[in-house]
Amino acid sequence: MKRDVLERILWSLSVDRFSKEKYREDPQKFLGRFPLDEEGARMILEFDVKAMQEEGVNPMLTLGYWIEMSPDRRVSSYNRKLGSDSAHSASIKG
Amino acid sequence: MKRDVLERILWSLSVDRFSKEKYREDPQKFLGRFPLDEEGARMILEFDVKAMQEEGVNPMLTLGYWIEMSPDRRVSSYNRKLGSDSAHSASIKG
Amino acid sequence: MAEITGGFLVPHDPVMFVAPDAPEADKAKKVWDAYETCAQRLADSAASSVIIIGNDHYMLFGTTCLPKYCIATGHVEGPLDQLPGLKKEQVSNHEALAQHIAQQGSDSGFDWAVARSFTTDHAFSIPYKLIVRRAEEISGRSITAIPVYLASAVDPFITKARARQLGEQIRAAVESFDSDEQLFVIGSGGISHWVGVKETGKVNEAFDHQVIDLCCNADIDGLAAYTDEQVLENGGNGAMEIRNFICAMAAANASRGELIEYQPVPEWVTGLGFIELKKG
Amino acid sequence: MAEITGGFLVPHDPVMFVAPDAPEADKAKKVWDAYETCAQRLADSAASSVIIIGNDHYMLFGTTCLPKYCIATGHVEGPLDQLPGLKKEQVSNHEALAQHIAQQGSDSGFDWAVARSFTTDHAFSIPYKLIVRRAEEISGRSITAIPVYLASAVDPFITKARARQLGEQIRAAVESFDSDEQLFVIGSGGISHWVGVKETGKVNEAFDHQVIDLCCNADIDGLAAYTDEQVLENGGNGAMEIRNFICAMAAANASRGELIEYQPVPEWVTGLGFIELKKG
Ligand SMILES: [Fe+3]
Ligand SMILES: [Fe+3]
């Protein structure tokens with residue numbers, strides 16, 4: 001269930017422009033409309049893509065979310081956040 | 001094909017808030033991104049729900065579009081536009 | 001094994017919520033009371049979960065992907081189309097069973113589209129609120145609910161024959177689920193109503209009684225024998241929802257139905273029929 | 001009857017467009033040239049339409065409805081995820097045939113989700129641009145393209161066995177289509193790549209060669225024999241796209257495949273394989 005809700009939020013924030021706007025205006029308020037516990041909200045707010053993947057979230061979504069919404073947006077940073085030592089990085093979903 | 005595109009536009013304008021905003025800002029520009037002929041665009045712009053239904057568009061969409069986007073929004077007016085003499089009217093999709 | 005021990009066929013008419021006072025009071029009361037009767041019978045049963053078989057109204061699924069049938073296997077909330085007295089709420093789904101139905105379907109040729117996080121429309125939420133939630137109140141026990149959506153209002157429609165097979169698959173999946181739970185199934189929709197078309201407000205009592213008789217005789221063949229043209233002509237585009245009845249009847253494997261109430265209500269643009277599905 | 005007379009298995013690697021100069025020039029050229037070879041062979045054929053079998057990347061379909069397989073039967077545009085050199089354009093679909101495939105599926109137990117108006121992603125649009133559109137340029141004739149999307153990257157996945165059956169159904173539908181058209185089919189995806197996970201950039205040449213050998217031997221059984229765990233372990237989450245290969249191979253009913261090119265390109269995070277499906 002946690003995974004499902006995380007995926008819904010990431011998917012909305014990857015593809016739905018209205019959701020993106022609302023999230024940027026007030027992330028806490030946006031997340032408040034989903035049944036998400038504190039730890040889940042933290043994962044989203046802190047772009048903790050590693051923790052989300054450990055929760056079972058599809059990597060296509062964590063990557064898409066990072067590229068769309070994170071302050072940094074670089075895939076090299078995404079890979080570091082995941083603990084990857086990859087020199088190469090898909091800059092978008094393969 | 002015309003029906004398909006009309007349905008996509010009506011569906012977007014019924015449920016997608018970003019599309020609604022964009023349409024309200026500039027209907028012509030919004031419609032311009034779809035492969036729609038002049039007559040199709042006229043149907044949308046003039047809320048010609050009767051013509052759209054004759055084109056095969058699902059009545060749930062013409063009704064939803066009317067209620068969401070038309071200046072009037074009343075189902076009684078929708079029925080008149082359809083040529084209905086019904087005294088009764090589903091105020092939303094049944 | 002789990003088991004479907006009963007069920008209902010009921011309408012999901014949003015106009016009841018929007019214009020509760022439009023029909024004469026006595027008629028309206030009979031309809032609301034019929035939901036209450038269903039709730040009471042569900043409360044009196046041992047069912048701990050309900051599968052509600054409804055259909056989208058071209059709101060939940062769009063032109064970029066129209067599924068023939070979809071099941072919510074995870075988080076559920078709704079309805080998207082909120083009404084006075086029917087506000088959006090979180091729904092307690094039976095996730096394990098829903099996932100089992102999808103998986104067992106996949107293993108046996110039923111390629112369920114799956115909603116991992118779903119927002120319902122009124123087709124689920126009206127019977128959910130008036131029957132399932134109310135039965136929880138009456139009985140004091142928790143009852144989960146699984147949303148199933150068929151392509152009954154948006155073409156390409158699921159065929160009536162396939163709706164029946166799908167109901168049989170749901171039953172087989174329930175019976176292969178490792179638990180001793182009892183379930184109810186609700187077919188949500190109908191009977192005659194014309195939606196968004198110029199005939200709106202028409203109710204065809206003769207057609208409604210035909211459908212009711214077929215349901216009460218558990219005559220799925222009879223229901224499936226209607227061509228879509230016949231249904232559209234006699235019951236309106238809203239009556240295409242008899243697919244939901246067929247699926248629910250096949251899932252319940254009922255031997256008969258008992259008419260709880262029928263009211264033709266032009267003010268609510270629908271012939272409203274309530275049937276309990278009885279086993280044995 | 002219409003007929004599928006040939007086809008290709010090719011990758012759909014967006015990084016080629018984003019970072020064309022990342023690999024050494026010779027390697028990169030071999031990959032772009034492989035697409036050109038496919039385009040030339042399509043141009044040289046008599047095919048007037050191509051079915052492209054790809055998969056969503058959790059972008060087109062969301063958590064509220066994840067179809068096992070979906071076909072675009074009407075208006076098509078794309079890609080949604082535009083890239084440098086891959087801008088959104090209108091696609092000329094073969095609507096009549098696409099609708100026939102969906103209908104024939106419905107009649108034979110394949111419940112296609114249908115996209116009446118569809119936006120593709122790069123899984124369709126890369127082979128569409130580099131092969132179909134290019135073959136139109138070379139040959140001067142029009143070639144339509146039908147998007148088919150399988151659940152190969154988002155779970156619940158279509159099983160490999162079902163992907164094969166679906167390919168067989170596509171073939172049967174094409175052969176029951178009343179026209180003398182020739183078609184090609186393209187399986188779009190693979191081979192080894194790790195997407196969005198910490199192994200990104202890894203390429204497993206040994207696995208890629210195994211897959212290539214199976215494809216060249218038209219050994220669908222061999223491909224279907226991989227467990228998902230084996231694919232994930234050896235080919236990464238991107239290699240789950242071998243489902244698209246299986247479906248295309250079953251649709252083409254090829255007796256063998258001919259390797260056009262293989263390049264392991266860590267800079268493009270993928271082992272890129274190009275195979276022509278040959279009949280007879
Ligand atoms: Fe891919
Ligand atoms: Fe309905």
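Keep in mind it's a predicted model, so treat the numbers as computed, not measured. Just so it is clear: chains get the letters A, B, ... in the order the sequence lines come, proteins before strands, and each one is counted from 1.
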Exercise for review: Identify which of D/A72, D/C70, D/G62, D/G109 forms the greatest number of heavy-atom pairs closer than 4.5 Å to chain C.
Suggested key: D/G109
Revision key, fill the gap. Most heavy-atom pairs under 4.5 Å with chain C, out of D/Q103, D/R162, D/Q165, belong to D/R162
Point to revise | CD/C/E175: more than 12 non-hydrogen atoms of other groups inside 6.0 Å | key: yes
Exercise for review: Count the heavy atoms belonging to other residues, nucleotides or ligands that lie under 6.0 Å from CD of C/Q230, then report whether that count exceeds 12.
Suggested key: yes
Practice item. Kindly give the heavy-atom pair with the smallest separation between C/P67 and D/A113, and that separation in Å. Key: CA-CB, 4.0 Å
Review point. What's the shortest heavy-atom distance between D/T64 and C/S117, and which atoms?
Key: CG2-O, 3.2 Å
Check your understanding: What part of C/C65 gets closer than 4.5 Å to chain D, counting heavy atoms only: side chain, backbone, both or neither?
Key -> both
Review point. In terms of heavy-atom proximity below 4.5 Å to chain D, should C/Y69 be classed as side chain, backbone, both, or neither?
Key: side chain
Review point. Taking C/R116 for the side chain and D/D155 for the main chain, is one N or O donor matched with an acceptor at less than 3.5 Å?
Key: yes
